[in-house]
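Worksheet: the structure to be examined is printed underneath.
So that the names make sense, note that chain A is the first sequence line, chain B the second, and so on, each numbered from 1.
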Amino acid sequence: MRAARIIPANADAPQATGELVGRAMRGEAWAKEALFGRFVRPVIRRLTRLVGDPEEAADLAQDVFLTAFTKLDRLQNPNVFEAWLMQIAVRRAHDTLRKRRLLRLLGLYQPRSEGLAAFASSDATPEQRAELALLARVLERVGAADRIAWTLRYVEGERLEDVARVTGCSLATAKRRIKRAHDIVRQHVDVEEGA
Amino acid sequence: MARLPNPIREVLSDDVDEALVRRAMPAGARVRRRRELWVRAQWGLAAALLAAVLVLFLRPDDAAVRGDDGSVPVAIEATAARSAVQRFSDGSVVTVAPSGRVVPLAMEARAAVFLLERGVATFDVTPGGPRRWSIECGLLTVEVIGTRFTIDRSDARVVVRVERGEVLVRGERVHDRIQRLGAGDSVTVQRAYAEHVSAEARGSEHDEGASTRARLAATGDAEVPSMTSERGAARGSAAANAMTSGRSAARASDAFDATAPAKHDGDERRAESSNRAFDAAASTASDADRRAPADERPAAANPAFDATASAASDAHAAAQDVGTERSATANRALGAAAPTDERRAAVNRALGATAPADERRPSANRALGATAPEDERGPAANRPLGATAAEDERRAAANRALDATAPAPNDGDADRRAPEPRRDATPSPRALDTTNSAPPAAPSPRGSDATSTPSTPVGAPNETHDAEPGEAPRPTTAPLDRLARADAARRERDFLGAVAELEAVVAQKPPHPQAGLAAFTLGAVELDDLNRPRRALAAFDQAIARRLPALLLEDAYARRVEALHRLGDPRRAKAAAEAYFARYPNGRRTALVERWSRAP
């Protein structure tokens, strides 16, 4: 089996994202590979934090890129490719969380990882790791849309406007979702406010 | 409790495992997606199967058959001039002939029920449908899934003819209450207790089927069609000829005896066959009695059946007795079944009605008399071909049972009358007369002139029985009357008189359909009773030239050999025997024919 060729993300790549998207839209395969190499890690990282399972995040990332390359011609502004890609990723994560919630109700879902605790950095204290594990369990009890909004706001540190844009809702809705999830989380986990 | 920073990603690693990156590559997606597609396909297949099962078992009622316009027709009625055609949503077509009327009684998903009120209707039912079609016809019910058949309903009878597929015919008057009809089969159920099944399209009938048809035919209509299977034809036609119109168990016994398969040669087998035939005939009559509603019997031939069936065994026992006691026993045995004058007339009328042209009874009598001479001929030397002493005894008993169906004249209400000794103290089988209502004529001396006054025939046409009181019945020259008179004459041992009547039938122009049987009977009388082999030979030749049932045709060929043997012409006898063997390599008369052809 031919070894996969991985193009490393390189911000200093000679082509800008817009140009790569343009070439990919014209059917140039190398441009798609370049885009994949440039954005696959941020997508996997975000998806991992959203769904809490790195392997499932990798599969979702694959679907995200397949969808993106299939519907690339719908992208009117090549320069917003990354935001558009993240929107697709958030939508996939939302679908996954909803499906997982249904499976959990049916007793058919068992978490395969420790959630965010598995991605704790080497700088994190054991207490923080324990809090991350607890947070993962608490987030399982939060609705998909609320969880995504809260994760984008409190884990990723996105601005409220960006949360609303990525999740495809109004700012007020984004705030409401974040608050609803946060009311649950803070009953169990202490998270700093006002970042 | 440790406080998590905001954003929490500050305590999370940004590293992404390269394995995850490879896993996320679209190049590997094809395999994974193919696997997912396969899983989805399996789920889809399972869902499709489930849906199919649900559709199959939970078919809604609105799948019921409808007319081509989407509604259920109230009735399918044809005018006197034009037929009516109704097409249904499942492709089935009902065609009603002029003046016919079919009423749909129920049109459901699993069943479609029609009533054929009158006339002729053809049902072309699309096969493979989920519903069973039932057509009520009064006397019977026809059930079908996919076929084409025609039902003809009239006041007198119902006829079902199957053109394609198979149908089930149910009814109280259907043999065994149910019959399966295949393509080419038909069943006729008479309101006056008759039915028969023809198997014109079934050339290779096995024995059981032929036997069944013979029994069916024996219970009613004499219009037994020719069967392509020789064996089936022989058995069916002989039995039908013998047992039509409520014929006696004795004659039925003879018929079945005569229809024994050719391979059952030899006396033991023949005797066994005779026993079985006797039982079958009695059983048939008994079944007929059981199936027929009592109030319809006077209009049909049932009394004859009743009498013969119930009396057969008793009469057989009575035959062992002697003197007047025997007659009395037979009378008692038959007393319940002995018809009154009125019933007797009804019997005769029924015979006339159920036997078109009144042909069956005389012809059956002749056939039986010819092939199986009754014991009234006396000596065992006159025993029919291949008959045994046991057969003679059974036949005699059965004949007495037949004779007892008609009591002595003026016996009035025989049902309530106490048994009384017969006027004729001599326990001769002839002492018990047949269904004739007139007093038996005085026996003519043997060899009397052929123009002697004929006795009143058995089963004579209606004009004789319907004559006004005090008016002497006038003998007619109709062939059937002549045949009946010939039968009566033979019973009275007036063989010359019988010969005269039979010769008149044989000589009739144009040839009567029963001329072949008459010629055969003539030959038997000439050979057995009058010992005139030359005239017998000529009669058998005439019988062969005319149309004869296959069974009797074999006997005719065999008896030609006998006639030539008794004529003292061994050369021609041998030639005739070779002709017989060529035509019937495994014939029933092989042993006798060989003997006749060898002996000087």
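Of the listed residues (A/F65, A/F119, A/F69), the one with the most heavy-atom contacts under 4.5 Å to chain B is A/F119.
A/Q62 places a side-chain N or O within donor-acceptor distance of the main-chain N or O of B/R23, the cut-off being under 3.5 Å. With hydrogens and angles disregarded, no donor-acceptor distance shorter than 3.5 Å links the side chain of A/D190 to the backbone of B/R3. In this structure, B/R9 contributes its side chain and A/E156 its backbone to a donor-acceptor pair below 3.5 Å.
Around CZ of A/R26, the count of heavy atoms belonging to other residues, nucleotides or ligands within 6.0 Å exceeds 12. By the 6.0 Å contact criterion, CD on A/Q76 is open, its count of non-hydrogen atoms from other residues, nucleotides or ligands being 12 or less.
Residue B/L12 forms a side-chain contact (heavy atoms from CB on, under 4.5 Å) with just one option from A/R45, A/R49, A/Q128, and that option is A/R49.
With contacts defined as side-chain heavy-atom distances shorter than 4.5 Å, the pair A/L132/B/I8 qualifies.
Contacts between A/R129 and chain B at a heavy-atom distance below 4.5 Å are absent for every atom of the residue. At a 4.5 Å heavy-atom cutoff, the contact between A/I44 and chain B is made by side-chain atoms alone. Within the 4.5 angstrom heavy-atom criterion, atoms from both the backbone and the side chain of B/D14 approach chain A.
A/E55 CD to B/D17 CG: the interatomic distance, rounded to the nearest 0.5 Å, is 9.5 Å. Between the CG atom of A/L47 and the CG atom of B/L20 there is a distance of 11.0 Å, given to the nearest 0.5 Å.
Between A/R41 and B/E18 there is a salt bridge, since a side-chain N of the basic residue sits under 4.0 Å from a carboxylate O of the acidic one.
Scanning all heavy atoms of the two residues, the minimum distance from B/V11 to A/A124 falls at O-CB, 3.9 Å. Residue B/E10 comes nearest to A/S121 through the heavy atom pair O-OG, 4.2 Å, listed as atom of the first residue, atom of the second, then distance. When all heavy atoms are compared, the tightest approach of A/A58 to B/A24 is O-CB, 3.3 Å.
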Which atom pairs, one a donor and one an acceptor, fall under 3.5 Å between side chains of residues 133-140 of chain A and the rest of the protein, sequence neighbours left out?
unit_1	atom_1	unit_2	atom_2	d
A/E140	OE1	A/R104	NH2	2.1
A/E140	OE2	A/R147	NH1	3.3

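In this structure, the salt bridge (Lys or Arg N to Asp or Glu O under 4.0 Å) partners of B/E117, at least two apart in sequence or on a different chain, are B/R101.
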